[in-house]
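In what follows, a single structure is set out as structure tokens and then discussed.
Throughout, residue positions are numbered sequentially from 1 according to the sequence presented. Since we're looking at a predicted model, the values are computed, not measured. Because only heavy atoms are used, hydrogens play no part in the values below, and waters and symmetry mates are left out as well, while side chains stay in.
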Amino acid sequence: MNAPTLSPAPARVLTPLVLLCLGTVYVVWGSTYFGIKVAIETLPPLGMLAARFGVAGALLLLVLRLRGAALPTARQWAASAAVGTLLLGGGTGLVTLAERDASSSVAAMIIAVSPLFAALFGRLWGERTGGREWLGIAVGLVGIVLLNAGELRATPLAAALLVLAPLCWTFGSQWSRHLPLPPGLMGSAAEMLTGGGVLLLLSLLMGERWGAPSAASLWALAYLTVFGSLLAYSAYMYLVAHTRPALATSYAYVNPVVAVALGVGLGGERLGTLGWAALGVILTGVLLVVWPHRAPTGAATEPTAEPTAEPTAGEGA
């Protein structure tokens with residue numbers, strides 16, 4: 001395969017499969033913030049992620065090979081490594097490191113700006129950003145300012161990591177649509193294996209050490225591996241390949257609500273009045289960005305003429 005397969009612009013129709021993938025990413029990824037917090041209580045952050053994605057990627061690759069799927073080409077492995085490094089190393093990795101010094105609730109609230117960054121990065125590849133989306137971006141940034149003013153109880157390093165994480169995640173997501181990734185779930189397997197390898201290397205370079213993990217941390221790691229990686233990551237990459245950028249990252253509209261509910265209800269975290277106000281402002285901005293566009297009267301229903309490279313043929317932390 002010498003060039004990525006070109007396909008029409010992502011469809012805007014909410015098919016049953018798209019809705020199922022959205023629901024999976026909304027609920028499961030909302031719970032992973034709390035899962036990460038529990039896991040890193042007794043496990044090294046980057047080493048835990050390397051195990052999570054390495055095991056998930058290996059299991060998925062094994063199942064696909066048993067079903068007759070072809071291994072990725074060298075070019076596809078290289079593209080998968082680029083996406084895996086940005087999404088898993090930069091996105092999930094930075095969030096996990098930040099959660100050592102920040103609550104899972106605050107982490108999820110900052111990551112809620114992902115659709116806003118996606119709308120910006122989408123312009124690099126010809127995605128149009130309308131007036132309402134620009135308004136949503138501005139409103140979301142106001143929410144982040146409110147959060148920093150009253151609820152961001154974290155070290156300066158943790159705060160910086162939480163801002164860099166969605167930048168890495170959304171840029172990698174948009175770039176992936178223009179790279180020659182392996183088809184189907186093989187793309188998820190390759191990205192998790194390569195991303196897990198990068199995380200393992202970083203863990204070794206940072207001198208992380210493994211102690212005796214608690215049962216709670218091990219259960220959290222198992223949940224993150226099976227549900228957060230195998231199930232939700234594949235669902236997300238399907239959304240990236242088949243929907244517009246703002247909708248693919250609209251998990252940020254629900255994830256903070258799930259994360260705050262678990263953090264406050266189970267983790268004993270506290271969120272003040274200004275924090276709840278910031279959450280409402282951020283979600284309002286996200287809603288403005290992801291709200292479906294109304295087609296002009298009499299407009300053609302065919303996809304737009306600008307092609308995009310489809311990274312996977314049926315999938316997609």
Side-chain angles (χ1 to χ4, degrees), residues 19-43 45-46 48-49 51-53 55-57 59-60 87-88 91-100 102-115 147 151 154 158 161-162 165-166 169 173 188 192 195-196 199 213-240 248-271 275-276 279 282-283 286 290 315-317:
L19 291 174
L20 178 62
C21 288
L22 282 172
T24 299
V25 173
Y26 285 171
V27 177
V28 173
W29 274 354
S31 66
T32 57
Y33 292 94
F34 183 68
I36 288 173
K37 193 73 172 178
V38 174
I40 63 176
E41 287 178 352
T42 58
L43 291 172
L46 298 181
M48 181 275 292
L49 289 181
R52 168 188 173 184
F53 293 119
V55 171
L59 288 175
L60 186 54
L87 268 64
L88 308 183
T92 309
L94 294 178
V95 169
T96 302
L97 288 174
E99 283 201 43
R100 295 176 302 179
S103 70
S104 62
S105 301
V106 170
M109 289 167 65
I110 292 184
I111 303 303
V113 301
S114 292
L147 184 62
E151 296 294 335
L161 294 178
L162 287 173
W169 183 273
S173 297
S188 290
M192 285 190 282
L199 286 162
S214 67
S217 290
L218 291 177
W219 278 113
L221 175 57
Y223 175 80
L224 292 170
T225 300
V226 175
F227 291 92
S229 296
L230 284 172
L231 184 62
Y233 186 70
S234 296
Y236 173 70
M237 289 309 291
Y238 179 89
L239 294 172
V240 169
T249 54
S250 64
Y251 58 85
Y253 178 65
V254 177
N255 283 178
V257 179
V258 176
V260 169
L262 289 174
V264 173
L266 299 179
E269 298 174 358
R270 309 183 78 175
L271 200 65
W276 287 110
L279 176 60
I282 290 171
L283 296 185
V286 172
V290 305
E315 46 136 358

So, for A232 and V28, which heavy atoms are closest and what is the spacing to 0.1 Å? CB-CG1, 3.8 Å
Taking the side chain as C-beta and beyond, is there a heavy-atom pair between L49 and L88 under 4.5 Å? no
Please find the pair of heavy atoms, one from G196 and one from F53, that lie closest to each other, and give the distance. CA-CB, 4.1 Å
The criterion is side chain to side chain contact (heavy atoms under 4.5 Å, CB included); which residues satisfy it with A165, sequence neighbours excluded? L94, V95, I111
By side chain to side chain contact (heavy atoms under 4.5 Å, CB included), A216 pairs with (sequence neighbours left out) V38, S214
Heavy-atom pair with the smallest gap, counting every atom of P45 and L97: CB-CD2, 4.0 Å
How long is the gap from NZ on K37 to CZ on R100, to the nearest 0.5 Å? 10.5 Å
Rounded to the nearest 0.5 Å, what separates atom CG in L199 from atom CE in M48? 9.5 Å
side-chain contact (heavy atoms from CB on, under 4.5 Å) partner of R52, chosen from L43, V226, L221: L221
CG (L231) and CH2 (W29) are apart, to the nearest 0.5 Å, by 10.0 Å
Minimum heavy-atom separation for S173 to L87, with atom names? N-CD1, 3.5 Å
For Y33 and E99, which heavy atoms make the closest approach, and how far apart are they? O-OE1, 3.0 Å
Exam field: side chain S217 to backbone I40, donor-acceptor pair closer than 3.5 Å: no
Compare all side-chain heavy atoms of S31 with those of Y223 and state whether any distance is below 4.5 angstrom. yes
Can you tell if the side chain of T92 reaches within under 4.5 Å of the side chain of W169, non-hydrogen atoms only? yes
Distance, nearest 0.5 Å, that separates CG of L239 from CG of L22: 5.0 Å
For a quick test of reading the model, state the closest non-hydrogen atom pair linking A56 to M192 and the distance between them. CB-SD, 3.8 Å
Between L46 and T96, is there a side-chain heavy-atom distance shorter than 4.5 Å? no
Does L218 have any side chain to side chain contact (heavy atoms under 4.5 Å, CB included) partners at least two apart in sequence or in another chain, and if so, which? P213
